[in-house]
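Okay, so here's the structure we're looking at.
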Amino acid sequence: MAARQPRFNQQVLIDTTPLPDSIPKVPEIGASSAPLLSASYFIGARCKAYGDDYMLCKTESNGKGETECLREGRKVTRCAASVLDDINKSCLEQFRAHWECLDNNNQQLWQCRRWERPLNKCVFDNLKLEKTIPGAPENEIPVHLRKRQIFAHSIATQ
Amino acid sequence: MFGFSGAALSKIRAMQNGGKRARHSVDQWDRQMMDRDRRLTGFLRGQTDNVLAPAGFELSNAWKVERGFT
């Protein structure tokens, strides 16, 4: 859209014109960065098809993706909202513990494995969603299942 | 002596960050997400796990306005 990111701005402009009525209204996700990071792998597990569609649309649209991929984006938003809703209903305690730890640790997932394991177990039991890291090499244990996290600050949080 | 000043500095940083440890190595993605948190909760380090955003959230993203350079 613009040629470069704005760097020297002194003012901001907030445009309060809503979208036209021809576009279906989907409420935005209300989760902030830490809960969203915590739930991201479960959103990926359930919404993989919609996410892949959206990314393909954005890649193929050659810069016009903001206006042309609204439909795929709405599907992604609805699916992610459904995952967050289910996690809030069934695993709220473990979810809150995990994202509060992430918030305290610079959003680094490897510092908070101790709280991630009960969350993964609860989500797998209730929602049948399993966290997998796409692109991980097949013949090694995935990072989130290893006993020792080599970059964590302390043993107690691993 | 270093322990005391280190503890005092980390206490000040925690007070500035709403009781949490400070964030470091913040890149553009993190800045964007922290701005989104501020639009959602009102605080730069505020977090919420609501499913739906508050009303008016879709319209609160600001355009950065630059004066033209000639």
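Each chain gets a letter, A, B and so on, in the order the sequences are listed, and its residues count up from 1. Only this structure's heavy atoms are used, side chains among them; waters, hydrogens and symmetry mates stay out. Predicted, not measured: the structure shown is a model, and the values here were computed from it.
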Exercise. Answer with side chain, backbone, both or neither: which region of B/Leu52 has an atom nearer than 4.5 Å to a non-hydrogen atom of chain A?
Key: both
Quiz item: Which atoms of A/Glu28 come close to chain B, meaning under 4.5 Å heavy atom to heavy atom: side chain ones, backbone ones, both, or neither?
Solution: both
Self-check item: Partner chain A: residue of B/Asn61, B/Val26, B/Thr48 with the largest heavy-atom pair count (under 4.5 Å)
Solution: B/Thr48
Quiz item: Cut-off 3.5 Å, side chains only: do A/Asn105 and B/Arg21 have a donor facing an acceptor?
Solution: yes
Self-check item: Heavy-atom pair count under 4.5 Å with chain A, highest-scoring of B/Leu59, B/Asp30, B/Thr41, B/Val51
Solution: B/Val51
Self-check item: Segment of A/Leu92 engaging chain B (4.5 angstrom heavy-atom cut-off)
Solution: side chain
Quiz item: With chain B, which of A/Thr77, A/Ile29, A/Ile14 has the greatest number of heavy-atom pairs at distances under 4.5 Å?
Solution: A/Ile29
Quiz item: Is it the side chain or the backbone of A/Leu36 that comes within 4.5 Å of chain B heavy atoms, both, or neither?
Solution: side chain
Quiz prompt | Heavy-atom pairs under 4.5 Å with chain A, option from B/His24, B/Met34, B/Lys20 with the top count | solution = B/His24
Quiz item: At their closest point, which heavy atom of A/Cys112 faces which heavy atom of A/Leu102, and how far apart are they?
Solution: SG-N, 3.5 Å
Self-check item: Segment of B/Arg23 engaging chain A (4.5 angstrom heavy-atom cut-off)
Solution: both
Quiz item: Can you tell me if CZ on A/Arg71 sees more than 12 non-hydrogen neighbours from other groups inside 6.0 Å?
Solution: no
Quiz item: Would A/Arg113 and A/Gln149 count as having a side-chain donor-acceptor pair, cut-off 3.5 Å?
Solution: yes
Quiz item: Looking at B/Phe43, does the NZ or CZ of B/Arg38 lie under 6.0 angstrom from its six-membered ring centre and within 45 degrees of the ring axis?
Solution: no
Self-check item: Contacting moiety of A/Asn104, where chain B heavy atoms sit under 4.5 Å
Solution: both
Exercise. Indicate the atoms forming the closest heavy-atom contact of B/Val65 with A/Asn9, along with that distance.
Key: O-CB, 3.3 Å
Exercise. Side chain from CB out, backbone as N, CA, C, O: work out which of these in B/Ser60 comes under 4.5 Å of a heavy atom of chain A, or both, or neither.
Key: backbone
Exercise. Take A/Ile43 and A/Ser40 through the side-chain contact (heavy atoms from CB on, under 4.5 Å) test and state the conclusion after the steps.
Key: CA-CA 5 Å; A/Ile43 297 177; A/Ser40 58; 5.5 Å; no
Quiz prompt | Leading residue by heavy atom contact count with chain A [cutoff under 4.5 Å; candidates B/Asp37, B/Asn50, B/Asp49] | solution = B/Asp49
Quiz item: In terms of heavy-atom pairs under 4.5 Å, which option from A/Pro35, A/Pro27, A/Ala81 contacts chain B the most?
Solution: A/Pro35
Practice problem: Determine whether the side chains of B/Gln47 and A/Asp103 contain a donor N or O and an acceptor N or O closer than 3.5 Å. | Solution: yes
Practice problem: Mind listing the closest non-hydrogen atom pair of A/Ala97 and A/Trp115 along with its distance? | Solution: CB-CD1, 3.6 Å
Quiz item: Looking at B/Arg45, B/Gln28, B/Arg39, B/Arg67, which one has more heavy-atom pairs under 4.5 Å with chain A than the rest?
Solution: B/Arg45
